[in-house]
Amino acid sequence: MHMSSVESSAAASASPASASPAVVRPRVRFAPSPTGFLHVGGARTALFNWLYARKYDGDFLLRIEDTDRQRSTDDSTRAIFDGLNWLGLDWDEEVVFQGANVARHHADAHRLLATGAAYRDFTPAMEIERLRAEAEARGDAYRFDRAMAELTDAETEAKLAAGEPYAIRFRVPDGTTEWPDLVHGRIAFPNKDIEDFVILRSDGTPVYNMAVVSDDIAMRITLVMRGDDHISNTPKQILLYQALGAAVPQFAHVPMIHGTDGKKLSKRHGATAVGDYQYQGLLPGAMLNFLALLGWSTGDDTEVMSLPELIRRFDTDGLHKKAAVFDTKKLEWMNGQHLLLTPLDELAALVAPAIERAGTGVAADLLARPAWFHGVLELLRVRSRTLDDIVRQASPFLTELVEFEPEAVTKQWRDAAATAELLQATHDCLAALPEWTPATMEEALRALAEARGISGGKIFQPLRVALVGGTVSPGIFEVLEYVGRERSLARLDAAVRFLQG
RNA sequence: GGCGGUAUCGUCUAGGGGACUAGGACACAGCCCUCUCAAGGCUGGAACACGGGUUCGAAUCCCGUUACCGCUACCA
């Protein structure tokens, strides 16, 4: 089973195309470790795989790599499911839990041992640790020395009989291991730089690379698309595929996502869990769109895309090599764009519960008046970037009365007596209107301003404070329309009383 | 240290020998619109890491340097 360099490299580079002359449905997977929440980097890797599967009518599989019992938790597994569900990244077939497959990993490792592709290493782990520490102290790179483990058959039998523990190491052949990476092109590693790595620990548990390859073969994965931090694992894995006599899949190593300081994105950069963004009122479609553009581009200037469009345009050729910095400003802008594209009834279904949670309205009541509610949403979404922005601005349309903000009062109601008189006049003018429409109100109020020899703004601004409590709002006539006649007049009354007393 | 990867405006990117006085987007600044705030429109500042080649010609190809990132475990 030892391969020459020619054989090994040829096998690695030839397999993707030649292994299957017939058209096979692509099978890709997302394989996170359940050691935290769903990270945006993981979400993006999942997205690329998902887009690929959906575009080429393949299967997108989910595998939870829970073999590290120390760090894996059920909460994390749930968080991954939740994150994927929120984003709408649905997987095909049942979830694979890696921990359930250790028997096969174990068997595969022993198969390698039987063929001579791997060998027993009775060296105590402590001893190796010592040698490594020594080498590092000297400033040398440590590499496991195969000769150290070389035993005669008799010696092996004796140790086996004595019940001495051993790890199984893969016998790395001479030559070069290379593959045509879908994003980087040809990548090659001289095998001499790869040490005989452990595939099965002395306690019988499989090591990562063994488990991954065993599972990817069992799941019939045709393309492994993952973060480029796995590039140096790839030659080891290819060697394993070959030794196991399995077809080597294609590989695509996508770049990492960095924080604004250029370092790998971590908690100190702020929110890195997709759940954080869900909580902040982001739309999953916007998140997906933004994530897709970090590490991939269409080739033209298209930026805002719906999910179907993303599927249609996705292509591994558009994948980048360079790490991208996660820019929350652009994410927010992207969300604003998607807010505008979301059908109003969908948006209503999202905003109504959020309003109820904020305590400024009852979801069912809002949804019972779709024409009015959609109108309000139309007004607010153009000046919002998140769902939370909409909720925040919605309160003047929902409550009976509003609180007058001190800064607004200082700014727009400087002269109390004069303002009270003006607001009373405004009130009377509006109250006399036969119908409550923006056009009639605008006509009447502009006429009032002209009669008083002042600009429209001199009326609109104080009126705005009376209606919404602050100095910022949608156009004043739309506000009047959607706040409604009764409440608008009541607020004007309240403002006049406030200024007089 | 060794191995591998990457390198265009502050950020995301287009670009794959001449169409580049390097295009778009976010952010920023100014102007327009205007009842405020947004949205929208217009304008502006802002980049090919450095050094060698190859070529009539290089952001684009090659080599080197530098910087950054990743891996370097009986972690995943």
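Naming: A, B, ... by sequence-line order, numbering from 1 per chain. Every heavy atom of this structure was used, including side-chain atoms; hydrogens, water molecules and symmetry mates were not.
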Whole angstrom value for the distance that separates [atom2] of [N] from [atom1] of [X]:
X	N	atom1	atom2	value
A/Asn335	B/rC12	CG	P	20 Å
A/Tyr208	B/rU72	OH	C1'	15 Å
A/His184	B/rG70	NE2	C1'	11 Å
A/Lys321	B/rA14	NZ	P	11 Å
A/Asp196	B/rU72	CG	P	17 Å
A/Leu463	B/rC37	CG	C1'	15 Å
A/Asp317	B/rA14	CG	C1'	15 Å
A/Tyr142	B/rC3	OH	P	19 Å

Give a yes/no answer on whether the side chain of [X] brings an N or O atom under 4.0 Å of OP1 or OP2 in [N].
X	N	value
A/Arg143	B/rU72	no
A/Arg226	B/rA76	no
A/Arg169	B/rC74	yes
A/His320	B/rU13	yes
A/Thr471	B/rU36	no
A/Lys322	B/rC68	no

Let's test this: given Watson-Crick or G-U wobble pairing with both distances under 3.5 Å, identify the partner of [N].
N	result
B/rC42	B/rG30
B/rA73	none
B/rU11	B/rA25
B/rG57	none
B/rU36	none
B/rA19	none
B/rA49	B/rU65

Counting any heavy atom closer than 4.0 Å, what does [X] reach on the DNA or RNA strands: base, sugar-phosphate only, or nothing?
X	result
A/Ala324	sugar-phosphate
A/Thr234	nothing
A/Glu195	sugar-phosphate
A/Asn209	nothing
A/Asp229	sugar-phosphate
A/Gly295	sugar-phosphate
A/Ser473	base
A/Arg132	sugar-phosphate
A/Thr67	sugar-phosphate

Taking the six-membered ring of A/Phe30 (Phe, Tyr or Trp), confirm whether the NZ or CZ of A/Arg63 is under 6.0 Å from its centre and within 45° of its axis.
-> no
Does the cation-pi check pass for A/Arg120 over A/Tyr166, that is, NZ or CZ under 6.0 Å from the six-membered ring centre and within 45° of its axis?
->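 Relative to the ring axis of A/Tyr166, which defines the angle, A/Arg120 lies inside both limits.
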Do the ring centers of A/Phe170 and A/Tyr241 come within less than 6.0 Å of each other?
-> no
Does the gap between the ring centers of A/Trp296 and A/Phe314 come in under 6.0 Å?
-> yes
Test item: side-chain donor near acceptor, [X] and [Y], under 3.5 Å:
X	Y	value
A/His338	A/Asn335	no
A/Asp300	A/Thr302	yes
A/Ser473	A/Arg383	no
A/His105	A/Asp215	yes
A/Gln393	A/Ser384	yes

Judged by nearest nucleotide, the residue sitting upstream toward the 5' end of RNA chain B, A/Leu340 or A/Ser232, is A/Leu340
When you match A/Pro165 and A/His258 each to their closest nucleotide on RNA chain B, which lands nearer the 5' end?
-> A/His258
B/rC74, B/rG5, B/rC3: which one has an atom nearest the side-chain heavy atoms of A/Ile187?
-> B/rG5
Taking the [atom1] atom of each, how far is [N] from [M], in whole Å?
N	M	atom1	answer
B/rC61	B/rU43	C1'	38 Å
B/rC28	B/rU34	P	24 Å
B/rA38	B/rA22	P	32 Å
B/rA59	B/rA47	C1'	10 Å
B/rA19	B/rC62	C1'	25 Å
B/rA39	B/rA27	P	8 Å
B/rU54	B/rC71	P	40 Å

With sequence neighbours excluded, what pairs up with A/Val207 under the side chain to side chain contact (heavy atoms under 4.5 Å, CB included) test?
-> A/Val198, A/Arg201
With sequence neighbours left out, write down each residue that passes side chain to side chain contact (heavy atoms under 4.5 Å, CB included) with A/Val95, or none if nothing qualifies.
->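 Counting only residues at least two positions away or on another chain, A/Val95 forms a side chain to side chain contact (heavy atoms under 4.5 Å, CB included) with A/Leu62, A/Ile64, A/Phe81, A/Trp91, A/Phe97.
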Scan nucleotides 17-35 of chain B nucleotide by nucleotide, 5' to 3', and note B when protein non-hydrogen atoms come under 4.0 Å of the base, S if they reach only the sugar-phosphate, - if neither.
-> ------BBBSS-------B
